[in-house]
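Read the structure below first, then the notes.
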Amino acid sequence: PVLIITPLAVAYQFLLEAEKFGIDDISYSKDGKYKTKIVVCNYERLNHFNHSDFDCVILDESSILKNFDGAIKTEVTAFLRKVKYRYLFTATPSPNDFNELGTSSEALGHLGHMEMLRIFFSNNENNISPLDIGSKWYLKPHAKKDFFRWVSGWSISMRKPSDLGFD
């Protein structure tokens, strides 16, 4: 079984798209109850589901995780840690937003956000607390190559279908 987690206004769009492609084993659940192999729910309803019921979880608009101190990010990350297959999708990535890269990595079970900061970044206040007002994080000049090698080890970016070999 697969769980697709979406923003509130998007869940029904998945059902309409599935219908266009002839996929009928899909449903929307508000309460954690379902009878199909593909289940769509909203981020706000994740607490109604049990991670052990799913082999795969897909996040739509995964940029919701960029708030490194947010309640939804914390809940989603904890849920995903216990699922075998995890995918994050966004059409509005922030490739220069290092917090989003860190929280995405953490949700996928790779390096945690704070560990990423410690290894690859420094800040103008010479501390590791991202909550300090005025802290400006910057990629350590000697760590750029290693940082982007690390990112490319767990992520893929594309602009158009031809990036994956399609016309």
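Since the model is a prediction, treat every value here as computed from it, not as a measurement.
Evaluation of the side chain to side chain contact (heavy atoms under 4.5 Å, CB included) rule for Ser105 yields His110, Leu111, Trp150, Trp154 as partners, not counting sequence neighbours. For Asn47, the side chain to side chain contact (heavy atoms under 4.5 Å, CB included) partners two or more places apart in sequence, or in a different chain, are Glu75. Under the side chain to side chain donor-acceptor pair (under 3.5 Å) criterion, Ser155 pairs with no residue, sequence neighbours left out. Judged as a side chain to side chain contact (heavy atoms under 4.5 Å, CB included), and not counting sequence neighbours, the contacts of Asp146 are Phe120, Arg149.
For residues 23-33, the pairs satisfying side-chain hydrogen bond (donor to acceptor under 3.5 Å, both in side chains) are Ser27-Thr36, Tyr28-Asn42, Ser29-Asp31, with sequence neighbours left out. Judged as a ring pair (Phe, Tyr, Trp, His ring centres under 6.0 Å), the pairs with a partner in residues 36-62 (not counting sequence neighbours) are, in order, Tyr34-Phe54.
Cluster annotation: Ile26 and Val57 are assigned to distinct hydrophobic clusters (Ile/Leu/Val/Met/Phe/Trp/Tyr, side-chain heavy-atom contacts under 4.5 Å, transitive). Cluster membership check: Phe21 shares its hydrophobic cluster with Val40, using side-chain heavy-atom separations under 4.5 Å among Ile, Leu, Val, Met, Phe, Trp and Tyr. Cluster annotation: Tyr12 and Ile5 are assigned to distinct hydrophobic clusters (Ile/Leu/Val/Met/Phe/Trp/Tyr, side-chain heavy-atom contacts under 4.5 Å, transitive). Hydrophobic clustering of Ile, Leu, Val, Met, Phe, Trp and Tyr side chains at less than 4.5 Å, counting indirect connections, unites Tyr85 with Ile4. By the criterion of side-chain heavy atoms lying less than 4.5 angstrom apart, applied directly or through intervening Ile, Leu, Val, Met, Phe, Trp or Tyr residues, Tyr138 is not grouped with Phe121; the two fall into different hydrophobic clusters.
Panel note: side chain Thr77, backbone Thr74; no donor-acceptor pair is recorded below 3.5 Å.
A 6.0 Å sphere centred on CD of Glu19 holds no more than 12 heavy atoms belonging to other residues, nucleotides or ligands. Few gaps surround CZ on Phe89; more than 12 heavy atoms of other groups in view lie less than 6.0 Å from it. Other residues, nucleotides and ligands contribute more than 12 heavy atoms inside 6.0 Å of the NZ atom of Lys140.
A pairwise comparison of heavy atoms in Thr90 and Ser62 identifies CB-OG, 3.9 Å as the closest pair.
With contacts defined as side-chain heavy-atom distances shorter than 4.5 Å, the pair Leu59/Leu80 qualifies. Between Leu3 and Cys56, the closest side-chain pair of non-hydrogen atoms is not below 4.5 Å. Counting heavy atoms from C-beta outward, Phe147 and Leu101 have side chains that approach closer than 4.5 Å. Side-chain atoms of Leu46 and Val76, non-hydrogen and from C-beta on, do get closer than 4.5 Å to each other.
Between Lys73 atom NZ and Thr103 atom OG1 the span is 6.5 Å, to the nearest 0.5 Å.
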